[in-house]
Amino acid sequence: MIYADNAATTAMSPAAVAAMLPFLSENYGNPSSLYSFGQKAKEALEAARATFAENLGCTPREIYFTSGGSESDNQALMTLASLGERKGKKHIISTAFEHHAVLRSLDRLKKRGFEVTLLDVGPRGIVTAGEVEDAIRPDTCFVSVMYANNEIGTVQPVREIGAVCRERGVYFHTDAVQAGGHLHIDVEADNIDMLSLSAHKFHGPKGVGVLFARKNIVPECIILGGAQERGKRAGTENVGGIAAAAAAFAEMCARIDENAKALTALRDRLIEGLKRIPYSALNGDPVMRLPSNVNFCFEGIEGESLLLLLDDKGICASSGSACTSGSLDPSHVLLAIGRPREVAHGSLRLSLGEDMTESDTDRITDAVREAVEYLRAMSPFWHDLESGKRKHVFTERGE
Ligand SMILES: *Cc1c(COP(=O)(O)O)cnc(C)c1O
């Protein structure tokens with residue numbers, strides 16, 4: 001099997017598994033207990049907090065553990081909205097291609113009376129700091145722009161956007177779930193006030209999230225109960241999961257440059273191979289993208305059918321995102337970069353892993369080419385394109 005869906009989730013690293021196991025068996029104490037057995041768990045929790053702080057450039061007190069990227073995004077947006085509301089500021093700026101964890105939170109905030117400006121991301125899938133600046137109003141309370149997009153992998157100019165927000169006195173949150181452990185993040189240099197991470201996207205376990213909140217920001221509780229996480233997130237901590245998340249994060253952060261170099265070479269080889277398929281196009285900027293991300297549209301095919309054929313050939317990939325596959329709507333991200341609906345339906349996301357080789361990517365290229373040809377040969381829609389009854393969106397050689 002070739003697993004090319006690392007943007008959906010990753011395998012836990014052996015170091016992460018090893019860090020987790022003791023807390024599932026012998027060290028099962030509750031970190032809130034006062035006896036020394038519980039304190040062992042508490043120490044592991046604080047060591048994990050220090051690891052995240054060190055690798056993000058903040059203090060341990062600014063790190064909170066949650067149940068995942070979605071919860072971190074929800075809590076960040078609710079916190080910043082409430083801070084704004086207290087000052088009478090009820091305007092929010094975000095983008096059209098955020099993860100649904102952000103978009104659905106914004107929907108909730110709209111019902112609470114907030115006004116939301118969703119910036120266009122343009123055909124390259126990138127928002128500029130200038131566009132953010134132009135959208136800031138006297139009543140803007142915060143900006144939320146993702147670090148890297150989960151479907152098309154485009155990396156946003158977060159540092160510049162953060163600088164604009166700082167200068168204009170507006171809070172800045174970034175959903176860094178796809179960037180964490182893969183790109184260098186420094187919350188100080190990047191001018192970030194709140195940031196979300198999810199462990200299962202960097203070889204940690206599922207169900208563990210990190211929320212960074214700058215020291216002047218007190219996170220608003222969205223899970224109510226006990227006084228865990230300094231009273232900001234109730235619920236007995238997932239000690240093993242958090243210890244594993246920290247081990248995975250430390251390991252990935254230490255290897256960012258070496259992983260990025262190897263993955264970028266594989267990514268570009270794969271892109272070159274797939275580009276040779278007629279009437280296809282790469283989605284998102286070719287350079288400002290995650291080293292692991294390849295996303296294509298192929299005219300005249302259905303992404304779901306392509307996935308099934310690739311599955312038969314032992315290749316795991318994705319079309320749209322895991323959250324929207326299962327629905328018939330084309331990806332909101334591909335629509336946001338201006339892909340027509342019929343083309344957006346024919347998309348393929350391949351997200352590479354650190355253990356991949358050139359022979360894997362070459363096998364993927366061959367398998368995709370064969371599958372696309374096969375599907376087109378059977379498609380009445382493709383037939384109409386070939387006979388000139390319908391117009392092509394791409395040229396034979398690409399866009
Ligand atoms: C996966 C993902 C999330 C959600 O994280 P979970 O831990 O699965 O809740 C949020 N944002 C982005 C960009 C993601 O890729």
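Quick caveat: nothing in here was measured; it's all calculated off a predicted structure. In each ligand, atom 1 is the first atom listed, and ligand 1 is the first ligand listed.
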Considering the heavy atoms of Met146, write down every atom of ligand 1 situated less than 4.0 Å from one of them. 13 (C)
On the ring face of Phe114, is Lys90 found with NZ or CZ under 6.0 Å from the centre and within 45° of the axis? yes
Quick one: look at Asn149 and ligand 1, take heavy-atom pairs under 4.0 Å, and tell me if it's side chain, backbone, both or neither. neither
Between Gln178 and ligand 1, does any nitrogen or oxygen pair lie at a separation below 3.5 Å? yes
Considering heavy atoms of the protein only, find what lies nearest to atom 11 (N) of ligand 1 and give residue, atom and distance to 0.1 Å. Asp175 OD2, 2.7 Å
Aromatic rings Trp382 and His392: how do their planes relate, parallel, tilted or perpendicular, breaks at 30° and 60°? perpendicular
Which label fits Phe249 and Phe52: parallel for a plane angle under 30°, tilted from 30 to 60°, or perpendicular past 60°? parallel
Can you report which non-hydrogen protein atom sits closest to atom 8 (O) of ligand 1, along with the distance? His200 NE2, 3.0 Å
Please list every donor-acceptor pair under 3.5 Å in which a side-chain atom of residues 366-375 meets a protein atom from a residue at least two apart or in another chain.
| unit_1 | atom_1 | unit_2 | atom_2 | d |
| --- | --- | --- | --- | --- |
| Glu370 | OE1 | Lys313 | NZ | 2.7 |

Taking the six-membered ring for Trp and the full ring for Phe, Tyr or His, determine whether the centres of Tyr28 and Phe23 are under 6.0 Å apart. no
State which residues pass side-chain contact (heavy atoms from CB on, under 4.5 Å) with Ser280; sequence neighbours excluded, sorted by chain then number. Ile277, Phe296, Phe298
Using a strict 4.0 Å cut-off to heavy atoms of Gly68, name the atoms of ligand 1 that fall inside it. 7 (O)
Trace of the salt bridge (Lys or Arg N to Asp or Glu O under 4.0 Å) decision for Arg289 with Glu151: CA-CA 11 Å; Arg289 68 190 302 130; Glu151 290 187 40; over 6 Å; no
Decide whether an N or O pair under 3.5 Å exists between Gly69 and ligand 1. yes
Only heavy atoms of Asp73, strictly under 4.0 Å: list the atoms of ligand 1 that pass. 10 (C), 11 (N)
Going by the closest heavy atom to atom 1 (C) of ligand 1, which one wins out of Glu98, Lys201, His99? Lys201
Should Ser198 be counted as touching ligand 1, given the test is an N or O pair under 3.5 Å? yes
Could you see which bit of Ser70 sits under 4.0 Å from ligand 1, with heavy atoms only: side chain, backbone, both or neither? both
Check: Thr174 side chain, Tyr147 main-chain N or O, donor-acceptor pair, under 3.5 Å: yes
Heavy-atom pairs closer than 4.0 Å: do any link ligand 1 to the side chain of Lys206, the backbone, both, or neither? neither
